[in-house]
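So the structure is just underneath, and the comments pick up after that.
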Amino acid sequence: MASLTITSTRGDTRTVEGAAGLSVMEIIRKAGFDDLQALCGGSCACATCHVHVHPDDFARVGPPNEDEDDLLDSSNERTPTSRLSCQIPFGPALDGLRVTVAKEG
Amino acid sequence: MPQLTQTPVYEADLFSPAALREPFGHYRAMRDLGPVVRLRDPDVYALSRFDDVRDALQAPDALSNAGGVGFSDEFNQPGGPNLIQSDGDRHRRMRSEVIRPLLPAQLKQHRPFLKSLIAERIKSLVGRGPFDAIAEVARFLPTAAISALVGLPEEGRASMLDWAAATFNAVGPRREGSERDFEVLAGWRTYLANLQWESIREGSWARTLQGTIAAGRLSEAEARGAISAYVLPSLDTTILAKGHLLHGLARHPGQWRMLRDDPSLLPGAVIESVRHSSVIRWFSRLARTDYQVEDEVIPAGSRLMLIYASANRDERRFEDPDRFDITRDARAQLAWGSGPHLCGGMHLAKMEMEVMLEALVEHCEVLEAGEPELLTNRGLYGFASLPFELR
């Protein structure tokens, strides 16, 4: 198991174990962070699972894909390390990843 | 092996006028009958529980939209591409173009204007005595502003509500009066086929699709078909959703007071209203492969009815689901669907409802509702009229 550290929009931080094969979105939801809406269920259709990846971890995660990039562009909260968490498959290579749930907008 | 003969049959007609006006007792009976039930007419499988509807919406590889999302051939075989009835790559390409102006950051620019329009309208109605809230309030922003953003020329813009009502009726099974709906729908398709791009307002949502053709992102047929996604589902749906929201708050004065005292409850009130009274009753999918729900296997080639409005009243997911409660966390609701076909206009719908509520909170103390007249549209649940008073 690899771990993932999540910070909510309210600033609470928690580290959870994440199963390989799940997306970062699914792990955040399973951990009970319900401020991450993920309305479309992970099909890159809604931009409601936006997270900010910690800058030191971004190289391991990599940049967004093209559809994701368009959706992220629609957010005023976008930063250089923004990703849609449904598009990040979790696994041992991402052990220790730190993400912060983005505010809506 | 699971036996299909075990699938219980729900005998009542969900599309009788009485059932269309009062569907929730039927939905509860279906949920209690089993995870999968069969209907007689249309002859389809139906899913009515929250988890099963959500999972089905998130299984686009097994359950296809391109095979049609309605029950009539007239609806399911439109003769050209459209967004909701497409799968895979075509769907992704069309959707990414259509949703561009409908995402939150793009919509934000319209918010102050929409807010000022609806606030003026609300102020003019306060203390005026009884009026019809559907005609005077719910329909106001869609016809005054949203249809202009879509961009059709005047004669098309004036027909949008007729086309939409006929479309959402034609999505259902063939019934008395269906011929008229199919004629109106055919009228829309002819109109669309003959529509000149240059006649669509420059800079509007529909006109912007034209640029995708030259850019090689959509074919002419796809770009034209994508216009439907702005024209048909953009008005009636939000009109009826506002009717439910107004009714819910007027009938629950305690919750209205809570909302006035604490406007931070406002987005939650919008979500609870669409959960409690979902406007889109259902859509269907065509099973491309065998599809399993609990221990039942629905065979490939079957049509599945996914009842969003029932999922949102599922007591397995929402406590006391018939209760309208703006303080509950209803964010899991499926009123806008889920999965790759999640309603593209969801953010617009929310915004329209939120600015209406803001205006009410700022300008009214008392909401009073009379008895609504219920529609019998086969795809949409809502009020034809809602007697109302603002003080």
Side-chain angles (χ1 to χ4, degrees), chain A residues 6 8-12 21-52 63-89 101-105, chain B residues 50-51 53-61 63 65 83-84 87-89 91-109 111 212 217 267-268 271 274-275 328-351 354:
Chain A
I6 308 160
S8 76
T9 51
R10 293 176 290 273
D12 331 320
L22 294 182
S23 69
V24 168
M25 178 276 279
E26 289 168 309
I27 295 166
I28 297 173
R29 292 288 300 178
K30 277 179 199 297
F33 283 81
D34 59 8
D35 52 342
L36 187 93
Q37 295 199 317
L39 287 170
C40 78
S43 31
C44 200
C46 71
T48 59
C49 67
H50 181 185
V51 296
H52 303 296
N65 61 52
E66 197 186 339
D67 284 346
E68 184 187 344
D69 199 42
D70 282 347
L71 285 171
L72 284 168
D73 264 345
S74 79
S75 171
N76 291 341
E77 300 294 321
R78 183 167 193 172
T79 66
T81 68
S82 282
R83 288 292 311 265
L84 295 183
S85 56
C86 75
Q87 299 299 302
I88 310 173
V101 178
K103 292 191 177 69
E104 261 196 274
Chain B
F50 180 89
D51 285 357
V53 173
R54 180 202 53 209
D55 290 353
L57 288 168
Q58 296 181 9
D61 294 337
L63 304 178
N65 281 54
L83 179 58
I84 191 169
D87 291 333
D89 173 65
H91 174 256
R92 259 192 304 280
R93 284 185 298 104
M94 289 175 74
R95 182 181 169 98
S96 69
E97 303 298 343
V98 166
I99 62 166
R100 205 155 282 163
L102 302 176
L103 289 166
Q106 269 65 40
L107 287 175
K108 204 164 278 180
Q109 63 183 306
R111 190 177 181 121
T212 67
R217 296 198 299 272
I271 299 298
V274 301
R275 179 204 67 82
R328 85 161 80 218
D329 184 354
R331 284 178 297 175
Q333 56 73 32
L334 298 171
W336 287 295
S338 184
H341 289 272
L342 177 79
C343 171
M346 173 184 70
H347 301 292
L348 173 62
K350 277 193 212 172
M351 188 170 89
E354 286 177 11

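Lettering follows sequence order; numbering is per chain, from 1. Keep in mind that what you see is a predicted model, and the values were worked out from it rather than measured. Computed from heavy atoms alone, side chains included, the values below leave out hydrogens, waters and symmetry copies.
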Looking only at heavy atoms, the pair that brings B:Asp329 and A:Asp34 closest together is OD2-OD2, 3.5 Å
Note: B:Pro340 and A:Ala45 closest approach over all heavy atoms is O-CB, 3.9 Å
If one checks every heavy atom of B:His341 against chain A at 4.5 Å, the contacting part turns out to be neither
The complete set of salt bridge (Lys or Arg N to Asp or Glu O under 4.0 Å) pairs with one or both residues in residues 92-106 of chain B, sequence neighbours excluded, reads A:Asp70-B:Arg100, B:Asp89-B:Arg93, B:Arg93-B:Glu222, B:Glu97-B:Arg100, B:Glu97-B:Arg217
Heavy-atom closest pair (A:Leu39 atom, B:Arg331 atom, distance to 0.1 Å) is CD2-O, 3.8 Å
> Has the side chain of A:Ser43 got a donor or acceptor atom that lies under 3.5 Å from a matching backbone atom of B:Gln58?
Replying inline: no
To the nearest 0.5 Å, atom CG of A:Leu71 lies from atom CD1 of B:Ile99 at 4.5 Å
Q. Around atom CD of A:Glu66, are there more than 12 heavy atoms of other residues, nucleotides or ligands at under 6.0 Å?
A. no
